Amino acid sequence: MDVLTALLLVHLIPVSTPKNGMSSKSRKRIMPDPVTEPPVTDPVYEALLYCNIPSVAERSMEGHAPHHFKLVSVHVFIRHGDRYPLYVIPKTKRPEIDCTLVANRKPYHPKLEAFVSHMSKGSGASFESPLNSLPLYPNHPLCEMGELTQTGVVQHLQNGQLLRDIYLKKHKLLPNDWSADQLYLETTGKSRTLQSGLALLYGFLPDFDWKKIYFRHQPSALFCSGSCYCPVRNQYLEKEQRRQYLLRLKNSQLEKTYGEMAKIVDVPTKQLRAANPIDSMLCHFCHNVSFPCTRNGCVDMEHFKVIKTHQIEDERERREKKLYLGYSVLGAHPILNQTIGRMQRATEGRKQELFALYSAHDVTLSPVLSALGLSEARFPRFAARLIFELWQDREKPSEHSVRILYNGVDVTFHTSFCQDHHKRSPKPMCPLENLVRFVKRDMFVALGGSGTNYYDACHREEF
Ligand SMILES: *[C@@H]1O[C@H](CO)[C@@H](O)[C@H](O)[C@H]1NC(C)=O
Ligand SMILES: *[C@@H]1O[C@H](CO)[C@@H](O)[C@H](O)[C@H]1NC(C)=O
């Protein structure tokens, strides 16, 4: 299959239509169901989900609650939108993708021009250093490495608009005279994450007033702030990388494919592999740009499928071996701890930080998903969103509950802290205490050691 045929398939993928609760279809897209999904995952189908090419009306389960529930706060973790590759395939022409934002190119969003015009007026003092030095929107006629594309901007304008309709228009999360301290905004220091956050906010906020925006800078992709030092986490990561390496060696078809591609581009196989060609190939794929050719031949769809299939197998083994889970529990604890802290303050009636946005990476979302027990969730696609909603029961105002949504699908009852809760309780959400207990203590149980807090688990000797 060529890139074109693959892209045309986008339109054949059924749009999920959740009505009440989780429809089987919507669950299928996010959380593969071993009963109904074919055992062999289709690499092209998976790659298309990863591209997340903006289409018309997206349906989502955010904000669904019985009418006697009041929305208290919302915590949003996003992966940046579609970007140019981080690596080049050696000795090939890099894909010609235009990162300027223009109205007559697809995908398009009605707020695109207004976004550019607003961003180009400059920001004043809205960013913690060193974010001030970053451009506020993508603007290179030939994208720079890692630059957000128009697709990426549109993905997040769309996310923002969707969240605005639900959280602001329907649930009135922010008062009309909202102020800066009702938002909490944090991003890593890459232009693609800052720009993704800005695009989402531009779609979300009723008036994007630079005076009410303040983005903090997060140096760590784990968002671990002052608690990043954790030796055991690094040990898990090393073992996980070793596992990855051994799995790759076992895959002779993969080795053959890298060999073929290395011949085409005329570099040693090792050098090609180190250049992480799948990152660049996904860009070709998502943008309907044919794979590169040299006078020795062309990289083609069969190569792509083999590497993508291996990625899927790698994720499967990663779940089984649980080393990544250990890494994830320790990697995600600080940000989860921060989030429950923010939730608890909101339950005490504090009106600050009602909407928190963390603009991040796949290596941020993936450990959080895994730590929450959502290891079946698909790898974070471009512009993926993971949302924590905090609700108050108006009939029992002392009771607070949470919902967890991944790309619009309610995954609350797939998490390890709330599995099967809905079978015992009529409430369509999870008690906040469950999440708090999990983050403060229970999540460390997955590590199998004796540690029941972050510090002990990070410094375990017997590991
Ligand atoms: C992909 O690109 C080809 C030209 O290379 C074009 O004819 C086709 O319409 C494009 N397909 C999509 C889905 O954009
Ligand atoms: C967890 O959050 C509390 C405040 O809510 C803080 O005092 C504590 O240091 C945090 N722990 C870690 C490991 O981040």
Side-chain angles (χ1 to χ4, degrees), residues 1-13 44-45 47-56 73 75 82 93 95-98 102 104-108 149-151 154 184 186 216 218-220 222-234 281-293 298-301 304 327-348 350 352-353 356 358 364 367-368 371 388 390 400 402 432-433 435-444 446-447 449 451-460:
M1 181 165 30
D2 61 13
V3 178
L4 170 59
T5 323
L7 269 161
L8 292 175
L9 275 174
V10 174
H11 307 288
L12 301 177
I13 295 175
V44 173
Y45 174 78
L48 284 169
L49 292 182
Y50 178 85
C51 299
N52 189 17
I53 295 160
S55 57
V56 260
S73 71
H75 310 256
D82 179 78
K93 201 158 69 73
E96 273 176 42
I97 292 172
D98 185 341
V102 294
N104 62 3
R105 186 192 312 128
K106 282 182 182 171
Y108 173 72
T149 65
Q150 174 157 329
T151 306
V154 169
Y184 180 84
E186 192 170 337
R216 276 160 224 270
Q218 173 56 250
S220 157
L222 288 172
F223 281 65
C224 48
S225 309
S227 314
C228 292
Y229 182 66
C230 182
V232 174
R233 185 191 71 220
N234 297 338
M281 289 164 85
L282 277 164
C283 174
H284 285 265
F285 179 85
C286 295
H287 287 267
N288 191 23
V289 175
S290 48
F291 295 127
C293 293
C298 292
V299 174
D300 67 27
M301 193 52 115
F304 178 75
Y327 168 76
S328 298
V329 163
L330 298 174
H333 175 79
I335 186 65
L336 289 173
N337 181 53
Q338 202 191 111
T339 299
I340 57 168
R342 207 160 269 133
M343 286 182 173
Q344 286 174 318
R345 291 194 292 278
T347 64
E348 291 157 8
R350 296 241 326 232
Q352 280 108 45
E353 304 181 347
Y358 306 89
T364 317
V368 174
F388 294 63
L390 177 65
H400 288 83
V402 291
L432 173 61
E433 300 85 72
L435 176 61
V436 171
R437 211 185 312 120
F438 179 74
V439 174
K440 292 277 177 214
R441 194 190 63 207
D442 293 353
M443 66 188 296
F444 302 107
L447 303 180
T452 54
N453 67 59
Y454 182 65
Y455 184 85
D456 289 350
C458 283
H459 297 84
R460 216 164 95 207

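Start at 1 and go down the list; that is how both ligands and their atoms are numbered. Treat the numbers as computed from the prediction; the structure is a model and nothing was measured.
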| message | Please tell me whether Cys230 and Cys224 are bridged, where bridged means their SG atoms are separated by under 2.5 Å. | response | no
Ligand-protein N/O pairs under 3.5 Å (ligand 2):
| unit_1 | atom_1 | unit_2 | atom_2 | d |
| --- | --- | --- | --- | --- |
| ligand 2 | 2 (O) | Asn337 | OD1 | 3.2 |
| ligand 2 | 2 (O) | Asn337 | ND2 | 2.4 |
| ligand 2 | 11 (N) | Asn337 | ND2 | 2.8 |
| ligand 2 | 14 (O) | Ser227 | OG | 3.3 |
| ligand 2 | 14 (O) | Asn337 | ND2 | 3.1 |

| message | Can a donor-acceptor pair be found, under 3.5 Å and without considering hydrogens, that links the side chain of Gln150 to the backbone of Pro107? | response | yes
| message | Only heavy atoms of Asn288, strictly under 4.0 Å: list the atoms of ligand 1 that pass. | response | 1 (C), 2 (O), 3 (C), 8 (C), 10 (C), 11 (N), 12 (C), 14 (O)
| task | Go through the steps for Asp82 and His287 under the test side chain to side chain contact (heavy atoms under 4.5 Å, CB included), then give the verdict. | result | CA-CA 10 Å; Asp82 179 78; His287 287 267; 2.6 Å; yes
| Counting N and O atoms only, with roles assigned by atom type, does the side chain of Tyr454 sit under 3.5 Å from a partner on the main chain of Ser227, one being a donor and the other an acceptor? | yes
| request: Compute the centroid of each ring, for His459 and then for Tyr229, and state whether the two points are separated by less than 6.0 Å. | output: yes
| said: My understanding is that only residues two or more places apart in sequence, or in another chain, count here; which of them pass side-chain hydrogen bond (donor to acceptor under 3.5 Å, both in side chains) with Arg350? | reply: Gln352
